[in-house]
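Take a look at the structure below.
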Amino acid sequence: MHIRAFATLLFALLCSVTVSAQTTADWERWFDEWCTLDDVEGQQAEAMYDVLSDLHEQPININIATVADLRSLPFLNERQVDDIAYYLYRNKQMQSIGELAMIESLDFTTRQLLACFVYIGEPQAEKSPTIGQMLSHASHELLLSADVPTYKRSGDDNGYLGGPLAHSFRYRMTAGGLRVGVIGAQQSGEPFFKHGNKLGYDYYSFYADMRLKGALKQLTLGRYRMKTGLGLVMNNYFSFGKLATLSVLDFSSQVIQPHTSRSDNQYMQGAAATIQVVKGLNVTPFVSYREIDATLDKHGNILSVLTDGYHRTQTEMDHKNRATQMVGGANIHFTRDGWHVGATATYTRYSRDLEPDPTLVYNLDKPTGRQFTQVGVDYGYVSSKVSVRGETAVDGNDVATINSVVVQPTSYVALTTVQRYFGARYCGLHATTFSEGGSVSNENGLYLGMNWQPSEHWQLLAYTDYAYFHHPRYIAYHSSSVWDNLLQAKYTSGPWHATARYRCRYRQRDNSSHKDLIHQTEHRVRMAVGWQNERWQCNTQADVVHSRYEDRSTGWMLSEVVAVNLGTRAQLSASAAYFNTDDYESRLYVQETGLWYRFAYRAFYGEGVRCTMALRATLSTQLSALVRVAWVKYMDRSVIGTGLQQIDGSSATDIQAQIRWRF
């Protein structure tokens, strides 16, 4: 009872805060509203957060923004990019962010988002500056991070090769259109300067990216992510999920972005460039060669490619860099008068054969062999009322196609349809796109959505999506289906914002004996209300879930987030959540106030309390620091976690610290 009393008291204290505060970035609130359970449990939410966080920290001077710069903002569609570019061409420059309201295709939501990633700066001459000129005006950023657990896990004494401390560094130089960066990171339990990590950190990333105004529009060296078309052939950037698609209509064509995150997954290593042949015609060649983690069978073939990046135990270290992957390809893209067409071809070669375990029924259609080729054609038309986009790809074994139509009869209503068919044997090694199953394979689906904004204050989003999987997959031993439905209403007025969401999902999955398919029904409800202005911010949220699989499972959670300014040089933010669920099937997620460039979504089940507090301080014009403390207490268990991650106790506290030096 003392824990519940403490939680209640903390909620009361948080809600009573009235000190002036600098609110957190608006894009983080939109990001939380976009994410559904699928985005969070997959890799989409983390990939989205990485990209948006980096873009927010390096805003674009809209008065000198190129089309490539605008396309790098993933919430802008092709028409919006063209309209912004034309407005700047016609008016020479913008005098204030408020001028975005003069661009008809930018709705209220998009204008608010755009203001988080651009600023009004002075225009510059059309001639590109020299390298020397850019370097003379360069800005630098060095970020040091450390995660300190105050508890001991089972693996800390016997199992993990390294200590419990996790730490990383991030350096970036920005000089006009040139960006150069280096990242080093080590997770808790990974060795540092020992056991195979002779260079110190377990993970390093490096990149150099240059945006130019001549025929060579962009050149990226080192590690990068990219997307072409709708992602059927090449996309290790990211794709928005079902709910975000209604808000941001993300179907941008080609994107090359440096790999700036600590994620040891889904990146290319080599070079990529965009070359303008003639106006409207761009060619983007790319090449990559990298080592990959893999499990091998007794013949030395690849059973599975590992993407979690963990190298804490000797077994995990033995899987490190067991194979290599070479990728080469190119994209050609032509745009004129709202029409566009493009083509992408890739060739991939592994140093060992892919041979997934054939005893697992969901592996029967997985790609096998050493060499793979995919070719895709993307196409579309964008006008003031209609946007049509699509891509069709083949790989010699099967075909994949996705096509979307967005109709905007008025500026207040947008109707979206997305059709996709992914053959079971289509090999999308580097593909990510709109889907239910999380991969570009074995799916046939139809999505219908609506975004209605009857006024500047109200927004109503709704979708229904049906997907059929004609071959076995991970949780279903033969053909299965999923029907997903969502309705969300949002109200914004001055400092107030409120959101109500209901999601109902039916899917077929194996029963506990794996001999038959049964339906799992899941209902999720979210109610949130917040208040913010230039002085402070407060957000209250309630989540309820009811799941029926073989048994009924129910859960609920109440969470609170507050941000407070302590004078002009420090900011204090705090969050608290009480959760109570029957089991893992009714788990709930909460987005926490995170660190710089750090993703912070947590899953909770059982009964307990989660609290965090973070203090950001500006020590000087160049130096900033952040300290964050997170505490969790479970009331239904005496240990937390299992295996080497097990903590002997019902509570755990983590301390995280960052120092950022900008010079």
Side-chain angles (χ1 to χ4, degrees), residues 3 6 40-41 43 46 144-169 184-197 200-203 261-265 293 295 306-320 575-579 581 583-584 587-595 597-614 626-658:
I3 297 298
F6 171 79
V40 173
E41 291 192 327
Q43 298 174 342
E46 185 170 3
L144 304 177
S145 303
D147 296 10
V148 184
T150 62
Y151 46 83
K152 180 177 288 189
R153 301 162 303 178
S154 297
D156 292 334
D157 289 329
N158 184 20
Y160 291 148
L161 300 175
L165 180 67
H167 49 94
S168 64
F169 76 90
Q186 173 189 304
Q187 301 188 71
S188 179
E190 293 180 336
F192 188 60
F193 280 112
K194 59 182 179 179
H195 295 294
N197 287 339
Y201 284 103
D202 180 77
Y203 169 79
S261 78
R262 305 185 311 154
S263 173
D264 189 12
N265 179 37
D293 294 358
T295 58
L306 304 177
T307 59
D308 57 23
Y310 288 129
H311 304 122
R312 302 163 299 182
T313 66
Q314 189 57 54
T315 299
E316 292 174 346
M317 190 63 75
D318 291 341
H319 294 155
K320 184 178 181 180
S575 68
Y578 171 78
F579 54 91
T581 80
D583 51 35
Y584 183 74
R587 64 196 176 279
L588 289 158
Y589 289 83
V590 61
Q591 182 187 10
E592 300 174 345
T593 303
L595 305 177
Y597 306 106
R598 297 285 288 273
F599 180 73
Y601 256 109
R602 305 290 180 184
F604 298 102
Y605 66 95
E607 183 183 10
V609 176
R610 171 75 170 183
C611 299
T612 69
M613 185 167 292
L626 187 152
V627 177
R628 179 176 181 269
V629 180
W631 173 75
V632 63
K633 169 67 178 180
Y634 290 93
M635 305 168 193
D636 61 341
R637 67 197 73 171
S638 58
V639 298
I640 302 174
T642 60
L644 297 180
Q645 287 288 96
Q646 180 173 306
I647 301 169
D648 293 330
S650 60
S651 64
T653 302
D654 290 275
I655 301 173
Q656 299 167 304
Q658 290 183 313

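A quick note: this is a predicted structure, and the numbers were derived from the prediction, not measured.
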| Exceeds 12 heavy-atom contacts within 6.0 angstrom, atom OH of Tyr605 |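 Atom OH in Tyr605 is not packed in, count stays at 12 or less.
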| message | I'd like to know whether OH of Tyr310 has more than 12 heavy-atom contacts from other residues, nucleotides or ligands below 6.0 angstrom. | response |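 At most 12 heavy atoms, drawn from other residues, nucleotides or ligands, come within 6.0 Å of this atom.
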| request: Measure the acute angle between the ring planes of Phe579 and Phe604, then classify it against the limits of 30° and 60° as parallel, tilted or perpendicular. | output: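 If you compare the ring of Phe579 with that of Phe604, the planes turn out parallel.
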Whether [X] side chain and [Y] backbone form a donor-acceptor pair below 3.5 Å:
X      : Y      : value
Asn197 : Lys194 : no
Gln645 : Gly641 : no
Ser638 : Gly649 : no
Glu190 : His311 : yes

| message | Before you tell me yes or no, could you show the steps for Thr581 and Leu588 under side chain to side chain contact (heavy atoms under 4.5 Å, CB included), namely the whole-Å CA-CA distance, both residues' side-chain angles and the distance that decides it to 0.1 Å? | response | CA-CA 8 Å; Thr581 80; Leu588 289 158; 4.1 Å; yes
| request: Run through Asp147, Leu144, Leu595 and flag the one making a side chain to side chain contact (heavy atoms under 4.5 Å, CB included) with Gln658. | output: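 Testing each of Asp147, Leu144, Leu595 against Gln658, the sole residue satisfying side chain to side chain contact (heavy atoms under 4.5 Å, CB included) is Leu595.
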| request: Return yes if a side-chain donor-acceptor contact under 3.5 Å exists between Arg153 and Ser188, otherwise no. | output: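 Indeed, the side chains of Arg153 and Ser188 share at least one donor-acceptor pair under 3.5 Å.
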| task | Go through Tyr151 and Asp654 one step at a time and tell me if the side chain to side chain contact (heavy atoms under 4.5 Å, CB included) criterion holds. | result | CA-CA 8 Å; Tyr151 46 83; Asp654 290 275; 2.8 Å; yes
| message | For Tyr201 and His167: C-alpha separation, side-chain torsions, deciding distance, then whether ring-ring contact (aromatic ring centres under 6.0 Å, His included) applies. | response | CA-CA 9 Å; Tyr201 284 103; His167 49 94; 5.1 Å; yes
| said: Are Leu644 and Thr313 packed together at the side-chain level, in the sense that at least one heavy-atom pair is separated by less than 4.5 angstrom? | reply: yes
| query | Does the side chain of Lys320 come within less than 4.5 Å of Asp202's, by heavy atoms? | reply |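 Answer yes - side chains close enough.
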For a quick test of reading the model, state the closest non-hydrogen atom pair linking [X] to [Y] and the distance between them.
X      : Y      : answer
Tyr589 : Ala603 : CE2-CB, 3.3 Å
Thr612 : Ala630 : CG2-CB, 3.9 Å
Cys611 : Ala576 : SG-CB, 4.0 Å
Pro191 : Met317 : CG-CE, 3.5 Å
Ile647 : Ser651 : CG2-O, 4.5 Å

| Taking 4.0 angstrom as the limit, do Asp648 and Lys152 come out as a salt bridge? |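 Answer for the salt bridge query: no.
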| task | Kindly compute the distance separating CE (Met635) from OG (Ser650), expressed to the nearest 0.5 Å. | result |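 With rounding to 0.5 Å, CE (Met635) is 9.5 Å from OG (Ser650).
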| Stepwise, does the side chain to side chain contact (heavy atoms under 4.5 Å, CB included) test hold for Val148 with Leu165? | CA-CA 5 Å; Val148 184; Leu165 180 67; 3.6 Å; yes
| said: Pair Gln187, Arg312 - check side chain to side chain contact (heavy atoms under 4.5 Å, CB included), show working. | reply: CA-CA 8 Å; Gln187 301 188 71; Arg312 302 163 299 182; 5.5 Å; no
